[in-house]
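Single-structure report; data block below.
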Number of protein chains: 2
Amino acid sequence: MARTTPPRWRDVAEDLLRRIERGDLAPGDGSAARRRLPPEKDLELHYGVSRNTVREALSWLQNQGAVTSEQGKGTFVVHRPQADHVTLSAAALGLAPGGGDGEWYNRDAFIPAGRTVTVSPVKVEVQEGSQLISWYLQTDEETEFISRHQLLHLDGRPWAMQTSYYPLDFATAGASRLLKPRNIPEGAVAYLKETLGYTEVGFHDEIRARVPNESEKHFFSLGDSAADVVFETVRTAYSESGRAFRLTITIWPADRTRLHYNAGDVPDDVLTRPGQGGARDISPSGDDA
Amino acid sequence: MARTTPPRWRDVAEDLLRRIERGDLAPGDGSAARRRLPPEKDLELHYGVSRNTVREALSWLQNQGAVTSEQGKGTFVVHRPQADHVTLSAAALGLAPGGGDGEWYNRDAFIPAGRTVTVSPVKVEVQEGSQLISWYLQTDEETEFISRHQLLHLDGRPWAMQTSYYPLDFATAGASRLLKPRNIPEGAVAYLKETLGYTEVGFHDEIRARVPNESEKHFFSLGDSAADVVFETVRTAYSESGRAFRLTITIWPADRTRLHYNAGDVPDDVLTRPGQGGARDISPSGDDA
DNA sequence: TGGGATTTGTTCGTATGTATG
DNA sequence: ACATACATACGAACAAATCCC
């Protein structure tokens, strides 16, 4: 039999949520940048329930990503910053402004003008027998790979974690700088074209969302709420001969990132200012079944 | 000052997680399809903590999406089904097998052969003054829109919720079937081309991940855990004149959906079997800075 | 700088309700 | 009807972090 009345904590939680959305919480404290909820003791009296029941409600609100509690300070309405918009299709392959050269984030991830990307030192590792990597790069499982890992910041704030993989052969066949923990200023793609003669003619992206691991939580300052998930994009790039060319895995904090893709003919301002909105007039035609 | 020792519930939770991952839980019950954890009372004795502390640990594991509890039954390890892979770039615009005609899911969302999509009746509404819709379609805020909403099933299982929007003008200008709560078998894009003369030449997608609302939770059978989030894809399609053409918002359950995009030249088996893996050999070149 | 007040975090105990088998 | 198992709810004590005078 289904429950007829909701539990008390649920009533408390939903009332708090309404009050948060209406903005009429913390009446004496409406000035602060970060809106604060009344302390648990006050809520206890206000709703006529025990502190534990109040905490059940707050716990649910935390999981929903609506509030966050800090020991000794109080419980606060979560402030979600404006999202960063990243175009993953436009800059690559010379399909859009920015061309296809330079650092990976100029190739793979187009960001609106005026933003600054800073890059951590490269961490280089040699790995063997990763089933996942082998699968994407279509190699034997015993193949050894070079992984190059970096942390990316946008305007000084944590933005993405990124790792690229390629077979160890690349380094011995002429692209030795892949093994050095230094940036490749002209971009690894350009470098590999120059040294090994490979041209990137297409790519395939796979996107998932998942719970972050500890390292990702730390870098992006994420908690345990359902809002604190990450995107994982897996880009497989192909050479002219149709062979898997490179594998780049990027982690993005989903609460403040929007991913964009363009295909076909798209107005310029949509390409260059994703999420910004170019004002223009309308005209008809529709879709959907 | 940072805490030196973790709380007891955290120890319990992490130990349970280890035991879950190693598979050595529920020793007398290893046969069942769904692995069951020992009851709370047993854990209480095993770890020497109170039942409330055990429940703190289980609660955290639930939020992480690792377990789920059912009243009267027990606590079970969550079984994540194999993901469905959907290609959002290939089928549209005739860029890939499947062409560009027919129902939306043949145009917009390419799925591997052998899967069957079934569609709910269309729910048609007329809406006014949606700031969001106006923004994407670049219209005035007072413009009225037709919305056409459908539930999609893949092989009989809930797969996606989808809503398309276009100005009410479309219906009065000749595309009257948009207002009828019936499928448009040849596809709305083809229908609008025929009636209003618009051709779709490109599109822009924006992808986000967020906590589901009640309706989405219900349709996809999602809970409150951090694994139970949804993708929301917003597709804006453009006509030859570069005007916003249609707006299609699709909701996907992120725990069992992978989104795919292709660009440029990509091997055929990657196009037609995303997530399936065509076995082939390797060859070098790399990327990343 | 100190010390007390405030506020949330952790942990326990207990009782009762509800769903399952 | 009974036993099992999770859910809800209350009360209480102390710890830990912060705030404020």
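All chains are named by letter (A, B, ...) in the order of the sequence lines, taking the proteins before the strands, and each is independently numbered beginning at 1.
The base of C/dT18 sits with one of its N or O atoms less than 3.5 Å from a complementary donor or acceptor on the side chain of B/Gln71.
Nucleotide D/dA1 forms no Watson-Crick or G-U wobble pair with any nucleotide shown, as no partner meets the under 3.5 Å limit on both distances.
One finds no salt bridge joining B/Glu44 and B/Arg55 here, because no Lys/Arg side-chain nitrogen approaches an Asp/Glu carboxylate oxygen to under 4.0 Å. Between B/Glu14 and B/Arg10 a salt bridge is recorded (basic side-chain N to carboxylate O distance below 4.0 Å). Taking a cutoff of 4.0 Å between a charged side-chain nitrogen and a carboxylate oxygen, A/Asp11 and A/Arg8 do not qualify as a salt bridge.
What separates CD of B/Glu44 from P of D/dC6 is a distance of 11 Å, to the nearest Å. Separating the CG atom of A/Asn52 from the P atom of C/dT16 is a distance of 18 Å, rounded to the nearest angstrom. Distance CZ (A/Arg34) to C1' (C/dT7): 14 Å, rounded to an integer number of Å. In this structure, B/Glu40 places its CD atom 14 Å from C1' of C/dA19, rounding to the nearest Å. Atom OH in B/Tyr47 sits roughly 18 Å away from atom P in C/dT10 (whole-Å rounding). For the pair A/Lys41 NZ and D/dG11 P, the interatomic distance rounds to 13 Å; values are reported in whole Å. We find that CG of A/Asp224 is positioned 12 Å from P of C/dG9, with the value rounded to whole Å.
Between A/Thr75 and the phosphate of C/dT7, there is no side-chain N or O to OP1/OP2 separation shorter than 4.0 Å. Phosphate contact (OP1/OP2 of D/dA5, side-chain N/O of B/Arg36, threshold under 4.0 Å): present. OP1 or OP2 of C/dC12 has at least one side-chain nitrogen or oxygen of B/Arg8 nearer than 4.0 Å. Applying the 4.0 Å criterion to OP1 and OP2 of D/dC10, one finds that A/Thr53 has a side-chain N or O inside that range. Neither OP1 nor OP2 of D/dC6 sits under 4.0 Å from any side-chain N or O of B/Arg55. When the side-chain nitrogen and oxygen atoms of A/Arg51 are compared with OP1 and OP2 of D/dC10, none of them lie within a distance under 4.0 Å.
No contact: A/Glu56 has no heavy atom under 4.0 Å from any strand.
Taking the six-membered ring for Trp and the full ring otherwise, A/His153 and A/Phe219 have centroids separated by under 6.0 Å.
Nearest nucleotide to the B/Ser50 side chain, out of C/dT11, D/dT8, C/dT7: C/dT11.
Nearest-nucleotide mapping onto DNA chain D: of B/Ser69 and A/Gly72, the residue sitting toward the 5' end is B/Ser69. Toward the 5′ end of DNA chain D lies the nearest nucleotide of A/Trp9, the other residue of the pair A/Trp9 and A/Lys73 mapping further downstream.
Here salt bridge (Lys or Arg N to Asp or Glu O under 4.0 Å) pairs that include residues 64-77 of chain B, with residues two or more places apart or in two chains, are B/Arg34-B/Glu70, B/Glu70-B/Lys73.
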